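None of these values were measured; they are calculated from a predicted model. The figures here come from the full heavy-atom set of this structure, side chains too, leaving out hydrogens, waters and symmetry mates. Sequence lines set the chain letters: A, B, ... in the order given, protein chains first and strands last, and positions in each chain run from 1.
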Amino acid sequence: MIGNAVVVDAAAHPTVHHSDELREFMRPPWQALPFPGPEEYSYTWPGGEYLGGNTSGADLPGSDPDAFLRDLVHEAGVDAIVLLPLTRGLLPDADLDAEICAATNRWLVQRWLDGPANAAGHFFGSIRVSLADPMRAAREIHEWAGHPRMVQVAVRLQALAPYGQRQYLPVWQAAVDHDLPIAVHTDGGSSIGFAPTPVGQVTNALQFWSLYPWNFAYHLASFVAEGVFDRLPTLRVIFADGGFDALAPLVWRLDKDWRPNRVAMPWSKQLPSRYLRDHVRFCAHAQELAADADRVEVHPGATRDLLLYASNYPKWDTLRPADLAAGLTADEVDWVLGGNAVSLLDLPTQVPGREETV
Amino acid sequence: MTATQTLEPTSHTSPVRLVDADVHPLPQAQQEMREYLEEPWRSMPAQTFSDLASVLYYPPGGGLRSDAVGTQGQRPGSDPRMTEQQLLRGAGVDYAILIAQVRAYSNPDLESALCTAANAWLADTWLTAYNRHDRYRGSICVCSGRPDLAAQEIERWAGHPGFVQVRVNAYAAAPYGNVRYDPIHEAASRHGLPVAMHFSKGDGLSLATPVGFGTTFFEQHSLYALTYASHLVSLVLEGAFDRFPGLRFVFVEGGFSWLLPLLRRLDGQWEALGGRPPATPRRPSEYIRDHVRFTSQPIEEPDERRDLMRVMEAVEAQHILMFSSDYPHWDHDDPRVALTRVPRTMREAVSWQTALDLYGLPAHRRDLDASDHRD
């Protein structure tokens, strides 16, 4: 809790102790195949990827559930943590990619959600799926959706085609069938795919991370243009890398261009901005904290409506809820710190370890 | 070359009150460009010259104003009489910065040849034969896929008084801070020429976003901001403005409101680094006023007018924003409407002062005739 607010961390990143531990949860023949390690190496942060610097030899940061409880629950005041494990990137082999996601789900359930680490009930989870095989992804969602601690589906921000396109519909349909939101988050590992910007390659982590989260907008524009929100009225998408800071400028232009070009997308029924409240959320990120005076919202109350606190733990820019709260108004704090997540993810009303109910 | 009658300007002048930083003159037929090509390009098949622009991701309503068709039915933007009537008289533009439309191609050698032809064409037509009033200025088109040829092209035209900037395609194989473009930046900054980016669609991989190929023109056109944000991040963080202190870049037709959150991110990263590499020598936001300009069209239209004004104040638009119409494209801006969205205290700067300073334009312009005079 922070003040009277229940605090839900909408995205923290657990990992295996070492890269190959994932193989314990994989089936043959993929179990024995080479695949990338968990970390993306092209754009390493100059001060070190994680809180406390880079790793060296010992267990990967984020592999110890007790560290999550210590740093997030006991020190930062977080009540519920939505675990969003990263996978190994967009891989060319659709079956290997799907098996890595399946193994990640099995591992998360066994070692984190159902294990002794979760005796106090702080951990919730995300169903990882690969979009290379949409029918397989739908089956994976159906398999795990009944688990009481799985509260969302997680996919990568990286993609070979924007997410409104028709090949993805079976995946979104499966999520909607179980009333699970889709969290979109940049993956680790090593991906096939396109350059990180629309004009080619960047040369360091600052360039990469200053901009990559804003690529959510291509997916958002695609959802709108293809009428996905119209076809699936209960679909909700969480852009978990952030990008909320760019929302107003980008949506102003989306709205402006939608009107005269709507003839090419007659199945898109509303101005892009009108889909946000019912369909889109953003995780807050440390790089986006704005001074109040500069804040321009895409619609009045957008911060209160659309933003979710997330730690991004254990990355170097881990965000503490108190730091986010410092930039929020009294009207926004309770919703952003936890109220929006409780509602969106249908979390139990009894906050673990506390006497108060939400 | 068809000689076109235009009214003889008088010797009278009027003070400049409106500069249009993005106007697109077009040839009456693309075949006109062929006259200026060298071999082997000159003998290319006809369809090489048939498209004004790539028709991938094309506006469903067409790309040009239907009311800008020429006095004898010519393609919009190709009749200097119509341009004078609509732009100079009708919209009250005193100086127009012309950016010729050069279709992009995946083949950089072909595109370079077309740029060369376009520059020679522009010099002959809109900067000379159609420019008795001396109110048009032009952009040296170069293909950034061949920085070596681009630098040569800049040298070729830098001394011509009609050219006031270099134009590169906003679509590029690498963002513009990348060292491969240093020959372009070196030549442009040495000659005091800003480099303007403008979107000119080609085909192939140049149209890819980081998440693949979108479906509609809407998705593509509405997110120009992300392309420009990528170029800006690169120019600042890859040190192009440090390597070339005289370099200035103009961001055409991509909006500017995204600059506010982007600068906050860049400055925040810079502070977190505390001067450690790879931090730039200066705070990122400090590079903007000396090195970056934006054109206003298509001006943002938030539900709340006040929101745009607040953004303009926050980014100090009076120093960096220049009015543009994008005449004769479908989504052009009428200055009488667009400029009402600019805070009054900034209107003169946005209407003409910032562009006057950037392009070294005279403070007065020649009148077309007596009725065109303004005190």
**Study point:** From A/D245 atom CG to A/H285 atom NE2, the distance as rounded to the nearest 0.5 Å
**Key:** 10.5 Å
Point to revise | Choice from B/Y176, B/Y171, B/F217 maximising heavy atom contacts with chain A below 4.5 Å | key: B/F217
Practice item. Select one option (side chain, backbone, both, neither) describing which atoms of B/T209 are under 4.5 Å from chain A's heavy atoms. Key: both
Exercise for review: Select, from B/S257, B/P261, B/A229, the one with the greatest count of heavy-atom pairs under 4.5 Å involving chain A.
Suggested key: B/P261
Point to revise | For chain B, the option from A/A248, A/P198, A/A221 that forms the most heavy-atom pairs under 4.5 Å | key: A/P198
Exercise for review: Would you give the length of the straight line joining atom CD of B/E300 to atom CZ of A/R253, rounded to the nearest 0.5 angstrom?
Suggested key: 7.5 Å
Exercise for review: Answer with side chain, backbone, both or neither: which region of B/A208 has an atom nearer than 4.5 Å to a non-hydrogen atom of chain A?
Suggested key: both
Check your understanding: Considering only heavy atoms, which portion of B/W270 lies under 4.5 Å from any heavy atom of chain A: side chain, backbone, both, or neither?
Key -> neither
Exercise for review: Can you tell which part of A/P196 gets under 4.5 Å to a heavy atom of chain B, answering side chain, backbone, both or neither?
Suggested key: backbone
Review point. If you count heavy-atom pairs under 4.5 Å between each of A/S210, A/G193, A/G200, A/A161 and chain B, which one has the most?
Key: A/S210
Review point. Looking at B/L205, B/V233, B/L308, which makes the most heavy-atom pairs under 4.5 Å with chain A?
Key: B/V233
Exercise for review: Against chain A, work out which of B/L262, B/V236, B/T216 has the most heavy-atom pairs shorter than 4.5 Å and name it.
Suggested key: B/L262
Point to revise | Neighbour count above 12 (heavy atom, 6.0 Å) for B/R289 CZ | key: no
